[in-house]
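Below: one structure, written as structure tokens.
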Number of protein chains: 2
Amino acid sequence: MTQWFMEQHTKDAQFRIEVKKHLHSETSPFQKIDFYESDTFGKFFALDDVLMVTEKDEFIYHEMIVHVPMAVHPEIKKVLVIGGGDGGTVRELTRYPSIESIEMVEIDERVVRLCQEYLPQTAGKLTDPRVKLHFEDGISFVARKKDAYDLILVDSTDPIGPGEGLFSSRFYQDCFDALKPDGILINQHESPYYERESTEMKKAHSKIKKTFPISMVYQFHIPTYPSGHWLFGFASKKLDPLKDHKPQVWEQLGLSCGYYNSELHKASFVLPNYVKEMLENA
Amino acid sequence: MTQWFMEQHTKDAQFRIEVKKHLHSETSPFQKIDFYESDTFGKFFALDDVLMVTEKDEFIYHEMIVHVPMAVHPEIKKVLVIGGGDGGTVRELTRYPSIESIEMVEIDERVVRLCQEYLPQTAGKLTDPRVKLHFEDGISFVARKKDAYDLILVDSTDPIGPGEGLFSSRFYQDCFDALKPDGILINQHESPYYERESTEMKKAHSKIKKTFPISMVYQFHIPTYPSGHWLFGFASKKLDPLKDHKPQVWEQLGLSCGYYNSELHKASFVLPNYVKEMLENA
């Protein structure tokens with residue numbers, strides 16, 4: 001019998017992937033975790049039946065969350081990742097020899113351990129000596145830090161369930177305080193297309209732009225997320241993602257990417273009118 | 001009982017939309033035609049069970065196929081649309097007072113008549129006095145024309161069924177011959193993500209770049225097409241979509257758009273590495 005993974009993108013729109021093998025299923029104290037294998041997308045996993053990462057297109061998300069800030073502030077040495085249990089964000093960070101420490105705060109240790117078992121493509125660099133894992137709530141973790149990081153990456157789930165507090169004004173203020181004077185915050189910024197995600201996108205932007213002097217949004221194509229049109233937020237105390245973009249410095253590193261390049265860095269901040277209007281009115 | 005429209009994006013990936021009402025179904029001499037109504041996407045229609053146009057996001061496709069060439073070559077007066085039976089491309093063209101004639105060649109009159117009945121949002125300008133409809137094969141139509149058009153828009157289905165010949169070398173050469181010396185060809189250029197579409201994308205690009213001195217590709221987010229990541233080809237005899245881009249001239253027209261803007265015009269030609277590599281190796 002054919003088995004399908006099914007995600008409701010809206011109440012009346014579904015995306016389904018035929019499952020070759022349901023590799024693992026368990027319920028942690030935080031969420032239901034499932035790993036699957038498919039022909040087209042390779043291995044993938046879902047939290048509470050929301051698709052998180054597929055082997056086929058995780059490179060898009062992870063390159064875009066990491067290389068954009070790294071090409072603006074090449075002196076980044078201390079990084080905090082909140083969420084990101086699959087390890088893909090850390091993997092991209094470990095490609096920079098200049099980064100000295102990467103702390104990852106993931107509330108659910110089981111996500112990390114299962115990704116290490118089933119998704120070494122993303123989790124394979126979590127054992128890098130510069131990486132320190134903290135299995136606790138990112139909200140209280142960041143609230144204890146002052147002037148500590150050059151870069152904070154909020155690689156969270158949607159603002160329902162364990163990810164909810166990572167979309168609050170208090171949390172963004174705590175990130176501001178935890179960043180050094182030239183620090184950058186990148187956050188998973190939802191999507192403009194379907195109402196559920198666009199409502200969260202507007203709420204997040206409204207809060208972040210009250211907290212950070214520079215607050216911009218950039219877009220990318222990630223086909224396995226609802227609508228395929230997804231956003232990250234770039235917020236900082238003083239660095240501008242376009243005016244302070246340093247493509248020559250970044251290109252000298254010689255990092256090979258499947259999605260990101262220096263021209264795309266600039267282009268990804270150019271948004272369609274309907275998205276710009278939503279953000280301006282947020 | 002709940003009814004769903006279902007499209008196979010790959011053999012193992014499906015997109016489903018819950019149907020409030022199946023408005024119409026018939027089989028023309030060319031294809032199966034179905035019109036539906038849904039909550040999230042409004043009315044939409046499918047040819048041979050492939051989704052063509054939804055009221056929610058058709059503006060993205062139709063703005064991007066029309067405004068990009070119009071902002072490069074504002075003197076366009078004579079336009080040929082091949083396919084485009086829903087009328088959305090013609091609707092965007094009729095917004096330009098400078099355009100004198102719009103010929104639309106659609107092989108299947110039933111698509112046009114049904115869109116006029118069920119989708120006035122796209123088909124409502126097909127009665128503009130500058131528009132002339134030809135219900136015949138676009139391939140033989142264009143083969144009879146020489147030095148006749150400033151702009152040809154190939155608004156076709158995928159290269160299976162009636163759309164197949166619109167992806168042939170002979171057809172691209174006939175378009176070249178039908179264009180004036182500063183003419184532009186825009187074609188529906190498929191998608192880089194899933195193998196079926198990326199194979200066609202590479203084949204089309206390989207043929208067009210052998211025919212036209214300038215052959216580039218631009219991208220946009222259209223969530224209801226497979227992967228949501230879609231492309232148009234921009235081919236011309238001498239005008240370059242970036243070097244000859246005339247944003248000031250275009251902006252003076254004061255056209256209000258939901259997706260397209262002058263910055264996005266430039267940004268849409270900046271492609272992710274994996275797409276660039278596919279096209280370079282095509």
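Lettering of chains follows the sequences in order, A, B, ..., and the numbering in each one begins at 1. We use all heavy atoms of the structure for the numbers below, so side chains are in, but hydrogens, waters and symmetry mates are not.
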Next on the checklist: Test side-chain contact (heavy atoms from CB on, under 4.5 Å) on His9(A) and Thr40(B); report intermediate values, then the result.
Outcome noted: CA-CA 11 Å; His9(A) 283 184; Thr40(B) 294; over 6 Å; no

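- Under a cut-off of 6.0 angstrom, the local environment of NZ in Lys21(A) is sparse, with at most 12 non-hydrogen atoms contributed by other residues, nucleotides or ligands.
- Listed options Ser268(A), Cys257(A), Gly258(A) were ranked by heavy-atom pairs under 4.5 angstrom with chain B; first place goes to Gly258(A).
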Next on the checklist: Using the rule given for side-chain contact (heavy atoms from CB on, under 4.5 Å), can you reason through Leu264(A) versus Asn273(B), listing the C-alpha separation, both sets of side-chain angles and the distance that settles it, and then say yes or no?
Outcome noted: CA-CA 9 Å; Leu264(A) 198 79; Asn273(B) 286 347; over 6 Å; no

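- Looking at Thr10(B), only its side chain comes within 4.5 Å of chain A, counting heavy atoms on both sides.
- Only the backbone of Tyr260(A) comes within less than 4.5 Å of a heavy atom in chain B; its side chain stays farther off.
- In terms of heavy-atom pairs under 4.5 Å with chain B, the best-connected choice from Val275(A), Thr2(A), Leu271(A), Val19(A) is Leu271(A).
- Ranked by heavy-atom pairs under 4.5 Å with chain A, the first of Lys20(B), Met6(B), His229(B) is His229(B).
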Item to check | Chi angles and distances behind the side-chain contact (heavy atoms from CB on, under 4.5 Å) call for Tyr274(B), Asp57(A) | outcome: CA-CA 11 Å; Tyr274(B) 84 98; Asp57(A) 63 10; over 6 Å; no

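- Chain A forms more heavy-atom pairs under 4.5 Å with one residue of Gly228(B), Ser256(B), Ala267(B) than with any other, namely Ala267(B).
- Interface residue Gln219(B): only side-chain heavy atoms are found under 4.5 Å from chain A.
- Both the backbone and the side chain of Phe15(B) come within contact range of chain A, with heavy atoms under 4.5 Å apart.
- Chain A forms more heavy-atom pairs under 4.5 Å with one residue of Glu63(B), His221(B), Glu18(B) than with any other, namely His221(B).
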Next on the checklist: As a quick check of understanding, evaluate side-chain contact (heavy atoms from CB on, under 4.5 Å) for Gln14(A) and Trp4(B), giving each step before the final call.
Outcome noted: CA-CA 10 Å; Gln14(A) 296 177 345; Trp4(B) 293 83; 3.6 Å; yes

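- In Lys125(A), the NZ atom is not crowded: 12 or fewer heavy atoms of neighbouring residues, nucleotides or ligands sit closer than 6.0 Å.
- Remark: side-chain polar atoms of Asp12(B) are not paired, donor with acceptor, to backbone N or O of Ile17(A) under 3.5 angstrom.
- Looking at Phe220(A), only its backbone comes within 4.5 Å of chain B, counting heavy atoms on both sides.
- With respect to chain A, the highest number of heavy-atom pairs below 4.5 Å among Lys56(B), Glu195(B), Lys11(B), Lys266(B) belongs to Lys56(B).
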